[in-house]
Structures are given as C-alpha cells and as structure tokens.
Colleague: 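Mind having a look at this structure? Questions to follow.
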Amino acid sequence: MKKFFTEQLLAWNQEQNTRTMPWKGIKDPYKIWLSEIILQQTRVEQGLPYYEQFTTAYPTVQHLAAAPEEEVFRMWQGLGYYARCKNMLAAARQIVDTFQGQYPDTHEQIQTLKGIGPYTAAAIASFAFNSPHAVLDGNVFRVLARYFGIHTPVDSTAGKKEFAALAQSLLPANQSAVYNQSIMDFGAVVCKPQQPACLQCPLSAKCVAFKQQLVAQLPVKTKKLVIKKRYFYYIVLEYKDQVYIRKRTENDIWQNLHEFILIEMPGPINANELEAYTAFKEVMHNIPYTVQGISPAFKQQLTHQTIYSQFILLTAAKAPELAHYMAVPRARLNSYAFPKTITDFLQNKSLGLF
DNA sequence: AACCCGGGGAT
DNA sequence: ATCCCAGGGTT
C-alpha cells in the first residue's frame, strides 16, 4: 500500500502534474526560503506577487539583512501574519551574522532560524539540499488521512506525530525534493479539500477514504472557530499637513503595523457621538480641534475576528502634544505599513481628504 | 495543550 | 457563513 502510494504519486507527477511556480525546481536556498515563508498559510496565487517583489528588491540574503525594517514591512503589507515578516528579517540577519552569509545546509541548523518550524525546515532541506526530510503541510495531512483512512485529528499532538512518522516512512530518501513537491502539488490539484478529483485519481484504487466513501469526512479537525467582533474608532488627527500615527506594539493583531489614534469600543456606537465618550476626551483633552468629517464604516473579516472601523477626521488648531504618536507628513504615509482596513480607508477618495 | 496571528478565494 | 491555504510562536 505504501509502495503503491509513492510509486503512483511520482508517476502522476511525471505524467500529469502541470502545476508551475517560479520557485519550483530552483536550488537557491535563499529564494526557496523566501517562497516558503511567504506561502505559510497563504495560497500560491496570493503569495506570488510578493515573492516577485521580494526577490527583485532583495536578490540575496545580504540585501534583505541590510534592509530597513520599515521598508520590509511596507513590502509585506497586505499579506497578513506579520510576525512572519519580523521573523524573516531576523533570520536573514542570523544568516549573515552567525552563518557568515552562507545559508545553513543541514535540517538541524535550518530549523534554528526564526520563523522556521518543522514544515519549512523540511521543505528547505529537501528542495535546496535534497536532504531526506518529509514535508507535512495541510496538503500532506489531507492526502495521507484520506488514502490511509486515518481519523486521528490532524490538529492534535498525537495526530501530528502519527502523520509525521507516516509521511517520513513514505519518502524515497534519494528523491526527497521531487517527492515533497509531488505530494503537495497532488494535494492542491487532485486531492483538494472540496470536490477532490477522485474519478481521475491514480491512487483511488487503494484509497481507503474513497472505497469507504469517507473522502468528505477526512481529514478530521477538532478545533472550532470562534469569531469575535471588535469596534475600532480611529481619530485621524491632522495639523499643518501632518498626520498622527503610531506603531502597534501590543500582543494583538497587526503588531508592528501602524495606525491612527485608536479608540476601541466594546460595542458599536454612533460615530457622531464619539466626542462625548471619556476615552475620546482623555486623548483630546487639551487639543483644540475641528471635525472635518466622518468616514463610512469599514468592515474587515479576519479568520478569528470581525473588525468594524470608522474614521473621524479632525484638524488640530495648534500643535498637539501626543505621547507615543509621531507626526508624519501625509505624503510620507506610504513609507509605513498599515493594516488592510486602513489602506482601504486611505485609498477611499470619497472624503477628499487623502 | 490551547491560543493567537491576516487576508483572500472557493463553496 | 464556513473552510482552508507550502505554519510558527507564545503562553
């Protein structure tokens, strides 16, 4: 069963796999690494333009390591999971500082880099160095759960161990790069999450889930998604063509991105009445201002949160003294990274203010 | 072990 | 709405 699996998978790859990606088949560990970080929990189509931008702007790890953090974050803007960006930059500097600019070539060393876990270490080790480590990503979990009929939840510790051992046992040690590439492509193209192409699948004859009609039930996941709602009211305070922003530093969404003066409310309010709230008065207590306008509400759906944002535009009558905020000329806002909901606001010309 | 972290496409 | 995407880090 295992031998059939590996043989058929490699045959499918050779005969039917037409999936193409710019990083596929390359051997430069730096570019492989960039692609892997960008693609963590991110679809290939979404990550593709970012990969092109990063490899163009930073063709080597030395270029990336020397880049200003703000510039790198700006390039990452819109891709999400911003800790990846922070860790990527840290890893680039690790490589330059402690590995003499030479990308580490062993699985053990690779996994010491920031932002590289079991999956990414195996991917780089196999793709760049043909090292015999099986990748275990969402595709692999799904393909193996179905083909072998495994009901162990993939989001449990026991499941991760079981699937990791199975994946490793299937890996032909001298073909780790092509095998790892094949199983992920196969999961993305044939053994898809919804409506997999079982009738064209070269593995279906021995696929447990197919034979038992359990394809839709596998893989098993236990965690349930809880989505909380949050209500953000942003004060866009201007003084002499400068706008007040700050970097988010809390353990919360959008860490290291920038924002305007935020007042978060426990529930929705009428933005026209924001001035009456204590939180607003505390921020604006000795700043004379006039209201220039109030934006429509922006809604952003994240995986675990729904964010409702509204922007109140104020002009200060004298220079505001605001701790923790910096005054930035409007024309220079584009050198800072913002969350999607704020870039949406900045691009909304209906208010005529930006 | 449980929880947190974005944005977007498909259904 | 719900799921899931070339997952990793923190608590």
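Heavy atoms only: backbone and side chains are in, while hydrogens, waters and symmetry mates are out. Just so it is clear: chains get the letters A, B, ... in the order the sequence lines come, proteins before strands, and each one is counted from 1.
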Colleague: Assess the side chains of A/Thr120 and A/Glu36: does a donor N or O sit below 3.5 Å from an acceptor N or O?
Modeller: no
Colleague: Quick one: label A/Ile116 by what it contacts on the DNA or RNA (base, sugar-phosphate, nothing), any heavy atom closer than 4.0 Å.
Modeller: sugar-phosphate
Colleague: Starting at atom CZ of A/Phe232, determine the distance to atom P of B/dG6, rounded to an integer number of angstrom.
Modeller: 11 Å
Colleague: Does A/Tyr119 make a side-chain donor-acceptor contact with the base of C/dG7, cut-off 3.5 Å?
Modeller: no
Colleague: Assign each of A/Ala158 and A/Gln41 to its nearest nucleotide of DNA chain B by heavy atoms, then name whichever residue's nucleotide is nearer the 5' end.
Modeller: A/Ala158
Colleague: Among side-chain atoms of A/Thr18 and A/Gln16, is any donor-acceptor pair under 3.5 angstrom?
Modeller: no
Colleague: To the nearest angstrom, how far is A/Tyr51 atom OH from C/dC5 atom P?
Modeller: 22 Å
Colleague: Want to settle it: does A/Ser156 or A/Tyr81 sit nearer the 5' end of DNA chain B, counting the closest nucleotide to each?
Modeller: A/Ser156
Colleague: If you take atom types as modelled and just measure distance, does the side chain of A/Gln40 reach the base of C/dG8 with a donor-acceptor pair under 3.5 Å?
Modeller: no
Colleague: On the side chain of A/Thr303, is there an atom forming a donor-acceptor pair with the base of B/dG6 - under 3.5 Å, no angle test?
Modeller: yes
Colleague: Taking OH from A/Tyr50 and P from B/dG6, how many angstroms apart are they, rounded to a whole number?
Modeller: 13 Å
Colleague: Taking the side chain of A/Asn251 as heavy atoms from C-beta outward, which of B/dG9, C/dA6, C/dT11 is closest to it?
Modeller: C/dT11
Colleague: Find the distance A/Arg19:CZ to C/dA6:C1' and express it as a whole number of Å.
Modeller: 8 Å
Colleague: Can a salt bridge be assigned to the pair A/Glu238 and A/Arg330 using a cut-off of 4.0 Å between side-chain N and carboxylate O?
Modeller: yes
Colleague: When all nucleic acid strands are considered with a 4.0 Å heavy-atom cut-off, which category describes A/Met21: base, sugar-phosphate, or nothing?
Modeller: base
Colleague: Report which part of the nucleic acid A/Gly47 touches: base, sugar-phosphate, or nothing (heavy-atom distance under 4.0 Å, all strands).
Modeller: nothing
Colleague: A/Trp76 side chain N/O closer than 4.0 Å to the phosphate oxygens (OP1, OP2) of B/dG6?
Modeller: no
Colleague: Name the residue closer to the 5' end of DNA chain C, choosing between A/Gln181 and A/Gln301 according to the nucleotide with the nearest heavy atom.
Modeller: A/Gln301
Colleague: Mind checking the P distance from C/dT11 to B/dG6? Whole angstroms is fine.
Modeller: 15 Å
Colleague: Would you say A/Lys192 places a side-chain N or O within less than 4.0 Å of OP1 or OP2 belonging to C/dC4?
Modeller: no
Colleague: Does A/Phe345 have its ring centroid less than 6.0 Å away from the ring centroid of A/Phe232?
Modeller: no
Colleague: Look at the side chain of A/Thr42 and the base of B/dG6, then say whether one donor and one acceptor between them are separated by less than 3.5 Å.
Modeller: yes
Colleague: Could you give the distance separating B/dC5 and C/dA6 at their P atoms, to the nearest angstrom?
Modeller: 22 Å
Colleague: Touch check for A/Asn180, heavy atoms < 4.0 angstrom, all strands: base, sugar-phosphate only, or nothing?
Modeller: nothing
Colleague: Starting from the C-alpha separation in whole Å, work towards a yes-or-no answer on side chain to side chain contact (heavy atoms under 4.5 Å, CB included) for A/Gln77 and A/Tyr336.
Modeller: CA-CA 9 Å; A/Gln77 175 180 282; A/Tyr336 297 89; over 6 Å; no
Colleague: How many Å lie between CD on A/Gln111 and C1' on C/dG9, as a whole number?
Modeller: 13 Å
